[in-house]
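Below is one structure, written out as C-alpha cells; the observations come after it.
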Protein chains: 2
Amino acid sequence: MATPRSTSTDIARLAGVSRATVSYVLNARKDQSISEATRERVLAAARQLNYVPNAASRALRGGLSHLVMLINSGVPWSTNVTEVEDELTRLVAQSGRSLVVWRRQGPDDLVSTLANLEPCVAISTSFIGDDEKALLATVKIPLVESDLVAPGSDIPARLQVEHLVARGHERLGYLTTSEPTLQRFATPRTEGFVAACAEFKLPEPRVAAVPGGLGVTVESVKEQLRAWQSEPRPVTAVACFNDFHAAVCLAAATDLGWWVPEDLAVMGLDDDIFAPLTRPALTTVKLDPHGLARHLWATAQSRLHEAPEPHPYVMDARIVERASVSETV
Amino acid sequence: MATPRSTSTDIARLAGVSRATVSYVLNARKDQSISEATRERVLAAARQLNYVPNAASRALRGGLSHLVMLINSGVPWSTNVTEVEDELTRLVAQSGRSLVVWRRQGPDDLVSTLANLEPCVAISTSFIGDDEKALLATVKIPLVESDLVAPGSDIPARLQVEHLVARGHERLGYLTTSEPTLQRFATPRTEGFVAACAEFKLPEPRVAAVPGGLGVTVESVKEQLRAWQSEPRPVTAVACFNDFHAAVCLAAATDLGWWVPEDLAVMGLDDDIFAPLTRPALTTVKLDPHGLARHLWATAQSRLHEAPEPHPYVMDARIVERASVSETV
DNA sequence: CGGGGTTACTTACACGTGAAAGGTACGTCC
DNA sequence: GGACGTACCTTTCACGTGTAAGTAACCCCG
C-alpha cells in the first residue's frame with residue numbers, strides 16, 4: 001500500500017538501460033533498433049515489476065485519453081440499451097481504448113465529469129441538450145449522437161402497421177409516451193405509424209401519449225382503452241412505443257376483463273427481457289442493437305480520423321411473433 | 001477544431017500574471033494572498049477562454065484521478081442495479097469526483113481498462129475473481145465489494161418465508177439460479193430460506209436451481225412445478241431468487257392452467273420494473289438500493305482516507321404485497 | 001533608520017510518459 | 001585512411017498542472 005506503483009524508470013534501472021530504451025521496447029517501435037538481448041531484459045523487468053503504464057501521463061503526453069464515454073440518461077429498463085453498451089464495450093476494447101458509461105443525473109454534472117474523465121470521444125444514445133453540445137464543443141470532444149432519429153427510425157412503427165394489417169386489423173391505436181427526453185425516438189415512430197396507416201388506406205389511427213418512462217400507470221391506460229372502445233368503430237389492435245408500454249397495456253386490458261388477442265391485439269417494440277413472459281406473450285418488433293453499436297463506433301472512429309465516415313445507418317428491424325396478436329382475425 | 005484547448009498558461013497571459021497566480025486563484029487557496037483586483041482579472045480571463053483544467057495533468061500531478069469505477073458484469077435486467085448506479089453517481093459527484101460504470105465482458109479486459117481509466121477506487125456489485133483482485137492490488141487501486149454477501153444478505157429470503165407463513169403456507173418451494181456468477185447472492189438466500197423454514201418448524205422446503213440469468217426457460221420451470229405438484233404433499237407456494245425468475249414461474253403456472261395465487265402462490269424479490277405489470281401482479285420483496293449505494297460510497301471514502309470505516313451494512317428489506325400471494329389461504 | 005513581518009506576487013520543480021535529436025562504437029567503401 | 005552509414009543506446013525536451021520556495025515592495029514599531 002505504501003510502496004508506489006512501479007514506473008518505467010524502475011524498469012530502466014532494473015534492466016540497466018535508459019528510460020527511452022524501455023519506452024521503445026514496450027511500445028514495440030520498429031523505427032528504433034534494439035538488440036534482442038536488451039529487449040528481453042526490459043520485458044523481463046517489466047513483467048517482474050508488474051508494470052502498468054500511467055494513464056494520466058500517457059494522456060497528458062499524447063494529448064488524448066484512451067477513454068470513450070457513453071452518455072446514458074434515463075431508460076434503465078431496456079435490454080436494448082445494455083446490449084448496445086455491451087457491444088460497444090467490445091468494439092472499443094479492440095482499438096486499445098476503453099468504453100465507460102456515465103449515467104447522467106442532472107445537466108450540471110456534465111461539466112465536472114468531462115473535466116474528470118476527458119474522453120477522446122463521447123457517444124450518446126439519449127437526448128443531449130444544445131447547451132451540452134456547446135460544452136462538448138468548447139472542450140473539443142467530438143460527440144456522436146445515436147442515429148435513431150435518422151431516416152429509418154420510423155421503420156419499427158411501420159413494421160407494426162404492416163404486421164397488424166396482415167393480421168386483418170384496420171382500426172388501429174398507437175400508445176406512445178409524452179416524456180420529453182424520449183420524444184427523439186417517439187416522434188418519428190408516431191409519424192411513421194400514421195403515415196403507414198395512410199399508405200395502407202386505413203382509417204386514421206387513434207394516437208395517445210401517456211406520461212413518461214416508468215410513470216405510466218395501468219389506470220391511465222385503462223381509461224384510454226375504454227375511450228377507444230366506446231367509439232362507434234372501436235380499435236381492434238394497439239401498437240405501443242415500447243414493450244414496457246405494451247406490458248402496461250396488456251395489464252390494463254386484462255384488468256378490463258378483455259381477452260388478448262381476441263378482444264384486443266397488443267403489439268410492443270424492443271423484444272425486451274420480459275416480452276416472452278407476459279401472458280399472452282408479447283408480439284413485438286426486435287431492433288438490432290449490435291448493428292447500431294457498430295455504426296456508432298464506426299462514426300466515432302471517423303471523428304478520431306481513423307476511418308472514413310460510414311454510410312448512414314439503416315435501422316434493422318423484424319417482427320417477433322408471439323401470442324398477443326392472433327394469427328388471423 | 002484546430003485550435004487547442006485553452007490552458008492555465010493562456011489565462012496567465014491574458015490576465016497578465018504568472019501561471020502560479022492563476023492556479024492559486026482557481027483553486028481558491030486561502031494560504032495565499034491574492035489582491036481582489038487580480039483575482040477578478042484571472043477569473044474573467046478563465047471565463048472568457050472557457051477554461052476547463054486538463055484532467056490528465058491534474059491526475060498526474062496529484063497522483064490520483066478523480067474517477068470512481070463501478071464494475072458491473074451481467075445482470076442487465078435488474079432495476080436495483082441501475083438504482084444503485086444512479087445513487088452512487090450522485091454521491092460521488094458531491095465529492096467532486098465522477099462515477100463511471102464499466103460493463104465487464106471478459107476477464108482479460110480489466111487490465112487495459114484499468115490502464116486507461118486509472119480510477120482512484122473501484123466498486124463492484126458483482127462477482128470479482130481472485131486474479132482480478134490481485135491485479136487491482138498490484139496497481140494499488142482499492143476495491144470495494146458489495147456487502148450483499150455480508151450478514152444480512154439472507155434477510156430477503158427469510159422475509160419471503162415469514163410472509164408465506166403468515167399467509168398460511170407450510171409446504172414451500174424455492175426457485176433459484178445455478179448461474180455461477182450469481183451464487184454470491186444466491187447461496188446466502190437459499191441458506192436463509194431453508195434456515196427460516198426450520199425455525200418456523202415447517203417441513204423442509206423443496207429447492208431447485210434452474211440455469212442462469214436470462215437462460216431460464218418457461219419449459220424447465222414448468223417441469224419443476226409439475227414435479228413438485230406430483231409429490232404426496234405438493235408445495236403451495238414458490239419463492240424465487242428474483243423477480244425475473246418469478247415472472248418465469250408465473251408464466252409456467254399459467255401455461256399449466258393453474259390459478260395464481262389460488263393453486264400456487266408465487267413470490268419474487270427485487271420489486272423490479274415489471275413486477276406490478278404481471279397478472280396477477282407480483283408480490284415481492286423490495287431491497288434498499290439507495291442504502292446500499294450510500295454504504296458502498298462510505299466504504300470507498302474510508303479507503304480514500306477521507307472517512308472512518310462505516311458500520312457493517314444491514315440489508316433493509318420489506319414486503320411489497322400485490323396479488324400473487326393471496327390474503328389468506 | 002533598520003529589522004521583521006505582511007502582502008502579492010514569480011520562479012522553479014515534480015509528476016510519468018513518448019519521442020526527437022544526439023552520440024558512440026563499429027564495419028564498409030573508395 | 002578518412003568519409004560514411006548503421007546498430008544501439010542516451011540525453012533531453014514537452015505535455016499542463018499544483019505548489020514549495022523565493023523575491024520585491026510595503027508597513028509597523030522601537
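Not measured: the values here are computed from a predicted model. In what follows, every chain begins at residue 1, and chains take the letters A, B, ... in the order their sequences are listed.
Between B/Leu60 and B/Ser18, the residue whose closest nucleotide on DNA chain C is further toward the 5' end is B/Ser18. Between B/Arg61 and A/Arg61, the one whose closest nucleotide on DNA chain C sits nearer the 5' end is B/Arg61.
Using a 4.5 Å heavy-atom threshold, the side chains of B/Thr38 and B/Val25 count as separate. Contact annotation: the side chain of B/Leu49 approaches that of B/Ile11 to within less than 4.5 Å [non-hydrogen atoms, C-beta and beyond]. When side chains are defined from C-beta on, B/Val100 counts as touching B/Leu117, because their heavy atoms get closer than 4.5 Å.
Summarising the geometry, the separation between CZ on A/Arg58 and C1' on C/dG16 is reported as 11 Å, rounded to the nearest angstrom. Between the CD atom of A/Glu118 and the C1' atom of D/dC15 there is a distance of 12 Å, given to the nearest Å. As rounded to whole Å, 12 Å separates atom P of C/dA20 from atom CG of A/Asn27. Computed from coordinates, the B/Lys30 NZ to C/dA8 C1' distance equals 17 Å when rounded to whole Å. Between B/Asp31 atom CG and C/dT6 atom P the separation is 14 Å, expressed in whole Å. Between the CG atom of A/Leu64 and the C1' atom of C/dG18 there is a distance of 14 Å, rounded to whole Å. If you measure from atom CG of B/Leu26 to atom P of D/dG18, you get 8 Å, rounded to the nearest angstrom. Counting to the nearest Å, the C1' atom of C/dC15 and the CZ atom of A/Arg5 are 13 Å from each other.
Side-chain N/O atoms of A/Ser57 include none lying less than 4.0 angstrom from OP1 or OP2 on C/dT17. The side chain of B/Thr38 contributes an N or O atom lying less than 4.0 Å from OP1 or OP2 of C/dC9. Residue B/Thr21 has a polar side-chain atom (N or O) positioned under 4.0 Å from OP1 or OP2 of C/dT10. A close approach under 4.0 Å does occur between a side-chain nitrogen or oxygen of A/Arg29 and OP1 or OP2 of C/dA19. Between B/Ser33 and C/dT7 there is no side-chain N or O to OP1 or OP2 distance below 4.0 Å. Dashed line: the shortest gap from a side-chain N or O of B/Tyr24 to OP1 or OP2 of D/dA20 is not under 4.0 Å. Side-chain nitrogen and oxygen atoms of A/Asn54 include none within less than 4.0 Å of the OP1 or OP2 phosphate oxygen of C/dT17. Residue B/Ser23 has a polar side-chain atom (N or O) positioned under 4.0 Å from OP1 or OP2 of D/dG18. Side-chain nitrogen and oxygen atoms of A/Ser35 include none within less than 4.0 Å of the OP1 or OP2 phosphate oxygen of D/dA7.
Residue A/Ile34 is classed as a sugar-phosphate contact, given heavy-atom separations below 4.0 Å to backbone atoms only.
Atom OG1 of A/Thr113 is separated from atom NE2 of B/His66 by 12.5 Å, given to the nearest 0.5 angstrom. To the nearest 0.5 Å, the span separating CH2 on A/Trp102 from CG on A/Leu114 amounts to 7.5 Å.
A donor-acceptor contact under 3.5 Å is formed by the side chain of A/Gln32 with the base of D/dC9. Contact of B/Arg19 with D/dG18 (side chain to base): a donor-acceptor pair of N or O atoms is detected under 3.5 Å.
Counted within 6.0 Å of CZ on A/Arg39, heavy atoms from surrounding residues, nucleotides or ligands total 12 or fewer; the atom is thus considered open.
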